[in-house]
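A short write-up of the structure that comes next.
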Amino acid sequence: MSAAQPAPQDNIPAAVSRNPATGEVLARYPFQSPAQVEALLAAADAAFGTWREMAVEERARVLAKLADVIETEADDFAAMITREMGKTLREAKAEVAKCAKMTAYYAEHGPAMIADERAPVDEADVYVSYLPTGTILGIMPWNFPLWQALRAGVPITLGGNAFLLKHAPNCMGLATMLGEAFERAGAPKGLFGILNVDNGLIERVIADDRITGVTLTGSPRAGAAVAALAGKYLKKSVLELGGSDAFIVLKDADLDKAVEAAVASRYATSGQVCIAAKRLIVEAPVAEAFTEKFLAAARKAKTGDPTDASTTFGPLAREDLRDELHDKVERSVKQGAKVLLGGKPVAGPGAFYEPTVLADVRKGIAAFDEETFGPVAAIVVARDADHAIALANDSEYGLGGALWTNDLEAAKKIARKLETGGVFVNGFTASDPRVPIGGVKKSGYGRELSHFGIKEFLNAQTVWIKPAR
């Protein structure tokens, strides 16, 4: 199974799917006209009318079938992910498997999450129902093109809403495949629609009365723009934005395990992960040893063809993203950072960048102050644990964070002081359908996953029943 490939029409405005490992244009997907967008909204609204009337258990059965479809067609989904955004085939397969498990998890456990809740009111029979509201617009990024779309779309549709996916322009092949998968699983046509427009039409979509909410994963700039539109038209919004996660290593940590986790977290998906180690804040007594071990591990990384099983990581998703990352590295060096490894784009075709390690990073340096979306690790030395906490919090972001120490009681106290949506002690940041994910500060607001996420776009309706006499 593969997505249909539109015929090349270079003179028509379109979303372009390009292989970042070679620069080859894979396909062009002409933008939808206003009339086509209206038809998409009408189809979503019609599907919503049917879907909302189905028992949640029936909706769950469709999602269970969707999980089967994803699992059965895993190789096709993974291949498309690798072609369109450059993730290694190994990582792409892991993403697809995670999506199938998450979808199956919601199919099994989701109905109980949104069952009616009794309220402790003595003088009446009172309960809260969680009811769908309409069609939710999802604006999703390219770095986890299947996971992000399903992380939003599965709980939203299980709750009875329709979902309209506006995917990143370079991932329209994957988006098309996903829309087709929903229909094959038994969802009403239009329930999981694929919106392909330029940014000029986004306001018109958000303003439409059939759209009752919008969720976005992306940059703070994109989040601010969408939040402003959602506020203008009084629509609920959930934003998962950038992150500059601190990976704190205290002097009593197991350095070998901490280094292994730090390398895995920083260089996964070629460093293009919102919730991942970016600022490696290490307590001074172990900073030199940690740095040596980290460098030794980073030097083993192999950049190359993402379809090659021996490749550690592939290209960045686009050449402009690679150039933006290199600009941050160059500015960091001018501001006082020291390059210990890498620091340059890889010569030749494709959007490759060397695995990079920067030392002497501090406040006022781009690698500390800004999100580095690529394979660049910034090592920051802290005087002590309190200084490490202060450095971690000295950021406009607050998505996730990791803390490495053998003192678990101290870790619990430190976690409460960290200004993030999640803290991972002796592990690295990750997402799981059993727990919520989301941030504070400029990392956004609202939550996805778990029972918190499934209720974000539902109407918590209070029903208060007193005897008729």
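All residue numbers in this chain count up from 1 along the given sequence.
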Mind running side chain to side chain donor-acceptor pair (under 3.5 Å) on S265 and K278 for me, showing each step along the way?
CA-CA 8 Å; S265 182; K278 296 193 175 83; over 6 Å; no
Do [X] and [Y] come close enough that some side-chain heavy atom pair is under 4.5 Å?
| X | Y | answer |
| --- | --- | --- |
| L295 | R299 | yes |
| V249 | L280 | no |
| V361 | S332 | no |
| V263 | F294 | yes |
| S450 | P433 | no |
| K251 | D384 | no |
| W142 | Q272 | yes |
| T133 | L458 | no |

Assess, by modelled atom type and distance only, whether the side chains of T405 and D407 contain a donor and an acceptor separated by less than 3.5 Å.
no
Side-chain donor-acceptor pair present, Y445, E240, cut-off under 3.5 Å:
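On atom types as modelled, these side chains do not qualify, holding no pair under 3.5 Å.
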Decide whether a cation-pi geometry holds between [X] and [Y]; the criteria are a distance under 6.0 Å from NZ or CZ to the six-membered ring centre and an angle within 45° of the ring axis.
| X | Y | value |
| --- | --- | --- |
| K344 | Y353 | no |
| R279 | F368 | yes |
| K65 | F182 | no |

Value rounded to 0.5 Å, distance of [atom1] in [X] from [atom2] in [Y]:
| X | Y | atom1 | atom2 | answer |
| --- | --- | --- | --- | --- |
| T176 | M80 | OG1 | CE | 8.0 Å |
| I139 | T217 | CD1 | OG1 | 10.0 Å |
| K412 | K417 | NZ | NZ | 15.5 Å |
| F192 | L164 | CZ | CG | 9.0 Å |
| T420 | L399 | OG1 | CG | 8.0 Å |
| K236 | I211 | NZ | CD1 | 15.0 Å |

Please give me the minimum heavy-atom distance between [X] and [Y], naming the atom from each residue.
| X | Y | result |
| --- | --- | --- |
| S244 | S395 | CB-OG, 4.2 Å |
| Y29 | S17 | CE1-CB, 4.0 Å |
| A367 | L358 | CB-CD1, 3.9 Å |
| A92 | A78 | CB-O, 3.5 Å |
| P169 | A15 | O-CB, 3.4 Å |
| T291 | A287 | OG1-O, 2.8 Å |

Looking at [Y], is its backbone amide N or carbonyl O close enough to the side chain of [X] to form a donor-acceptor pair, meaning the two atoms are under 3.5 Å apart?
| X | Y | value |
| --- | --- | --- |
| D245 | G400 | yes |
| E91 | T269 | yes |
| D369 | G364 | yes |
| T103 | K101 | no |
| K328 | E371 | yes |
| R322 | G350 | yes |
| R447 | F452 | no |
| N393 | E419 | yes |
| T356 | G343 | yes |
| E283 | L250 | no |

When you look at [atom1] of [X], are more than 12 heavy atoms from neighbouring residues, nucleotides or ligands closer to it than 6.0 Å?
| X | atom1 | answer |
| --- | --- | --- |
| E370 | CD | yes |
| K442 | NZ | no |
| E396 | CD | yes |
| K363 | NZ | yes |

Show, in sequence, the C-alpha distance, side-chain angles and deciding distance for K87 and S270, and conclude whether the side chain to side chain donor-acceptor pair (under 3.5 Å) test is met.
CA-CA 7 Å; K87 184 174 298 193; S270 303; over 6 Å; no
Measure centre to centre between the rings of W147 and F77, then say whether the value is under 6.0 Å.
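No, they do not, as the ring centres are separated by 6.0 Å or more.
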Given side chain to side chain contact (heavy atoms under 4.5 Å, CB included), test M102 with L150 step by step and report yes or no.
CA-CA 8 Å; M102 181 272 293; L150 287 172; 3.7 Å; yes
Report the C-alpha separation of T72 and I70 in whole Å, then their side-chain angles, then the decisive distance to 0.1 Å, and conclude whether the side chain to side chain contact (heavy atoms under 4.5 Å, CB included) test is met.
CA-CA 6 Å; T72 300; I70 294 169; over 6 Å; no
